[in-house]
Amino acid sequence: MITLEEIRGQIARCRQCDLSKARGQTVPGEGASRADVMLVGEAPGFYEDQHGKPFIGPAGQFLDDLLALAELSRKEVFITNVVKCRPPGNRDPEPDELAACDGYLRAQIAAIQPKVIVTLGRFSLAKFIPNTRSMREVHGRALPVEGMVVCAMYHPAAALHQGSLRRVIEDDFRTLPMIIAQAQSRPPILEPVPVVAAPVLAEQIPLFESFA
Ligand code: URA
């Protein structure tokens, strides 16, 4: 199986979509190589593009607070995004950009074999749970997907832009220790998980709220 280091190298050389033309650095993700918990955001922003690290801007600082509420540290989880290069002006990723990075996310999941995937925002959620109509309906819920538990969360940036969501996302992160403990107590999956990343893109989910 391809290693995280090899995936990192492939991402660094990737020219599969136009985001590669304007990027500063690729942002493959970082953290523990056999993390039980993987957090998947949307795409790098300005600071991430400069430093090649995920979630180091304002949303990342809030994510650190949220991880603390969940009794987790960056070192013990793996943090990545569905798209590994910054979309210009932090716009939403385009379908071809999401498709270009799809294999990298699948490979990372296969290498890490997390028990819990925390999706941050609608683009990440759509990878794992297609046709979700509303983030309001699913946030904080743990759903079984391909032998893993996928926990849908609002994007931290959404809470920074919309103050009323702050409490909601904080409460959702507080439930994570219990969800993780339950997932950890299940028998290990012996075969590598064939992740079926959903072909359905966020754009095809008309009722989806724009919180990413
Ligand atoms: N927002 C994301 O979705 N990912 C990052 O890495 C930073 C901000």
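Each ligand, and each atom within it, is numbered from 1 in the order the structure gives. Keep in mind that the numbers below use all heavy atoms, side chains included, and drop hydrogens, waters and symmetry copies. This one's a predicted model, so the numbers in the text were calculated from it and none came from an experiment.
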When you measure from the heavy atoms of G60 to every atom of ligand 1, does any distance fall below 4.0 Å? no
For S33, which residues count as a side-chain hydrogen bond (donor to acceptor under 3.5 Å, both in side chains) partner, sequence neighbours excluded? none
Can a salt bridge be assigned to the pair R74 and D64 using a cut-off of 4.0 Å between side-chain N and carboxylate O? yes
Residue portion contacting ligand 1 (non-hydrogen atoms closer than 4.0 Å) for E42: both
Which residue holds the protein heavy atom closest to atom 4 (N) of ligand 1, what is that atom called, and what is the gap in Å? N81 OD1, 2.7 Å
Non-neighbouring partners of Q10 that pass side-chain hydrogen bond (donor to acceptor under 3.5 Å, both in side chains), sequence neighbours left out: none
Atom 2 (C) of ligand 1 - nearest protein heavy atom and its distance: A43 O, 3.1 Å
List every atom of ligand 1 that sits less than 4.0 Å from any heavy atom of P54, numbering the atoms from 1 in the order shown and giving each element. 6 (O)
NZ/NE/NH1/NH2 to OD/OE distance under 4.0 Å, K127 and D102: yes
Do other residues, nucleotides or ligands put more than 12 heavy atoms under 6.0 Å from R91 CZ? yes
Just how far is it from atom CZ of R174 to atom CG of L66, taken to the nearest 0.5 Å? 9.5 Å
Decide whether the shortest distance between a heavy atom of H155 and an atom of ligand 1 is less than 4.0 Å. yes
Sub-3.5 Å N/O-N/O distance, A59 and ligand 1: no
